[in-house]
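See below for the structure under consideration.
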Amino acid sequence: MKVRAVERQQIEADLHRAVRKQEFVVHYQPKVNLRTGAICGTEALVRWQHPNRGLTTPAGFIAVAEECGLISRIDRWVVHEACRQTRRWQESGLPRIPVSVNVSAVELLNEDFVSNIGDILTATRLDPEYLEIELTESSLMAHAETTPSTLSRLKEMGVRLAIDDFGTGYSNLSYLNQFPIDALKIDKSFIHQITPGLNGAPIVSAVINMAKSLHHRVIAEGVETVAQLDFLLAEDCGEGQGFYFSKPVVAEQLAQMIATRPTWASP
Ligand code: C2E
Ligand code: MG
Ligand code: MG
């Protein structure tokens, strides 16, 4: 426990420096329209370029950043960077596609959250319809009383909203119906239960059908195999994201991908 406490303290101290010195980078993973096989969006995923530890994924620092109050600054930087990059791609003549950003539950309690998003859209001149904010199911439910008004203000602004990791949190389905959201992302743990020959994915089918009834888009996370893709196509799932298509990559690589317009239609 002592070792862990010391390590946590070290991460916290390093994070303060990282925020000051801008040690973060954004990687982007394409989202694919499963019917056409074309890229229909990107997800911005933060990485920390640590001077000694190298490139670190969020699992190693987001929780500490939330605990020590640095997450708002990190999230704000990521949203700004993702909007700036997306606008830049649009200006360079690439097909216009939206970017999704992940926002911590802590932001739902931050009074300035909505106005910060508005300021970023103004500063980067990105049309709000090209920004989608992903909030996890558990963070939405944790602040279920105040969440609807925050979400409504974002919707009025023209921003799109998605529920991330759907199916893993405690979800009160009546709230789900009240939230003005656009999309559900099925958590990858359910997608990984799709295996050839086994009909082990009733939750995936159920979530796809539920999303359709609620008139929400549905995105499958963590698609890794052709068997998973075939199942999702048969279930008429709209969008997919995962290593089968591409890992998260640096902005230049993603721009190349958008420019060459690859398609991943099922064989
Ligand atoms: P998420 O938003 O659900 O993002 C999807 C995660 O799954 C990413 O991990 C991505 O690299 C990984 N992934 C994508 N395709 C596959 C696949 O086919 N198989 C497997 N096994 N994994 C796949 P990553 O980048 O490590 O991010 C983890 C989580 O950290 C994210 O989950 C999100 O909740 C959080 N996160 C990432 N960026 C930010 C950020 O800027 N702010 C905040 N607050 N959280 C962030
Ligand atoms: Mg996400
Ligand atoms: Mg997720």
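The first residue of the sequence shown is numbered 1, and numbering continues consecutively from there. First listed ligand is number 1; within each ligand, the first listed atom is number 1.
- Separation of atoms CG (D187) and CD (E137) is listed at 9.0 Å; rounding is to 0.5 Å.
- Side-chain contact between I181 and L214 is absent, with no heavy-atom pair separated by less than 4.5 Å.
- When only non-hydrogen protein atoms are considered, atom 26 (O) of ligand 1 lies nearest to P58 CD, 3.4 Å.
- Of all the listed residues (R47, H27, K247, Q29), Q29 holds the heavy atom that lies closest to atom 15 (N) of ligand 1.
- The shortest separation from a heavy atom of P248 to ligand 1 is under 4.0 Å, placing the residue in contact.
- Against a heavy-atom cut-off of under 4.0 Å, S104 is close to the following atoms of ligand 1: 44 (N).
- What you find for I97 and T42 is that their closest heavy atoms are CD1-CG2, 3.8 Å.
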| message | Could you walk me through whether Y28 and W89 satisfy the ring pair (Phe, Tyr, Trp, His ring centres under 6.0 Å) test, starting with their C-alpha distance in whole Å, then the side-chain angles of each, then the deciding distance to 0.1 Å, before giving a yes or no? | response | CA-CA 13 Å; Y28 297 86; W89 284 332; 5.2 Å; yes
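- For the pair Q241 and ligand 1, no heavy-atom separation below 4.0 Å is found.
- Here's the thing with Y244: none of its N/O atoms is less than 3.5 angstrom from an N/O atom of ligand 1.
- Taking every non-hydrogen atom of V78 and a distance limit under 4.0 Å, the qualifying atoms of ligand 1 come out as 41 (O).
- Residues L151 and L140 have side chains in contact (heavy-atom distance under 4.5 Å, counting atoms from C-beta outward).
- Judged by distance alone, the side chains of Q29 and S246 never bring a donor and an acceptor atom under 3.5 Å apart.
- Within the model, atoms CG of L45 and OG1 of T57 stand 10.0 Å from one another, a figure rounded to the nearest 0.5 Å.
- Residues Q85 and V99 are not in side-chain contact: their nearest non-hydrogen atoms beyond the backbone lie 4.5 Å or more apart.
- Atom 21 (N) of ligand 1 has E224 OE2, 3.2 Å as its closest protein atom, hydrogens excluded (heavy atom only).
- Residue E43 places a heavy atom less than 4.0 Å from ligand 1.
- Of all the atoms in ligand 1, the ones that sit under 4.0 Å from a non-hydrogen atom of D165 are 3 (O).
- No hydrogens or angles considered: a donor-acceptor pair under 3.5 Å links the side chains of E43 and N102.
- Nearest N, O or S atom of E43 to the Mg ion (ligand 2): atom OE2.
- For atom 7 (O) of ligand 1, the closest non-hydrogen atom of the protein is K188 NZ, 3.1 Å.
- With hydrogens left out, the protein atom closest to atom 34 (O) of ligand 1 is N102 OD1, 4.4 Å, a heavy atom.
- A donor-acceptor pair under 3.5 Å is absent between the side-chain atoms of H143 and the main chain of L109, judged by distance alone.
- In terms of protein heavy-atom proximity, atom 18 (O) of ligand 1 is nearest to F243 N, 2.8 Å.
- Coordination check, D165 versus the Mg ion (ligand 2): failed, since every N/O/S atom of the residue sits at 2.8 Å or beyond.
- In this structure, the separation between CZ on R125 and CZ on R88 is 12.5 Å, given to the nearest 0.5 Å.
- For the Mg ion (ligand 3), the nearest N, O or S atom contributed by E221 is named OE2.
- The CD atom of E66 sits 9.5 Å away from atom CD1 of I74, with the distance rounded to the nearest 0.5 Å.
- Annotation: the span from D127 atom CG to R87 atom CZ amounts to 8.5 Å, rounded to 0.5 Å.
- In this structure, the protein non-hydrogen atom closest to atom 10 (C) of ligand 1 is L45 CD1, 4.0 Å.
- The atoms of ligand 1 that sit less than 4.0 Å from any heavy atom of I62 are 43 (C), 45 (N).
- Residue contact annotation: N102 places an N/O/S atom under 2.8 Å from the Mg ion (ligand 2).
- In terms of N/O distances under 3.5 Å, ligand 1 is not approached by A44.
- Contact check for F245 versus L229: side-chain heavy atoms found under the 4.5 Å cut-off.
- The distance from atom CG of N177 to atom OG of S213, rounded to the nearest 0.5 Å, is 10.5 Å.
- Looking only at N/O/S atoms, D164 comes nearest to the Mg ion (ligand 3) through OD1.
- By the definition of a contact as any protein heavy atom under 4.0 Å away, atom 32 (O) of ligand 1 is not in contact.
- Restricting E134 to its N, O or S atoms, the one at the least distance from the Mg ion (ligand 2) is OE1.
- Looking from atom 38 (N) of ligand 1 to the surrounding protein, the closest heavy atom is V46 N, 3.2 Å.
- Every N/O-N/O distance between T136 and ligand 1 stays at or above 3.5 Å.
- Looking only at heavy atoms of the protein, atom 1 (P) of ligand 1 is closest to D164 OD2, 3.6 Å.
- Protein non-hydrogen atoms do reach within 4.0 Å of atom 42 (N) of ligand 1.
- The minimum heavy-atom distance between R47 and F61, with the atom names listed, is C-CZ, 4.4 Å.
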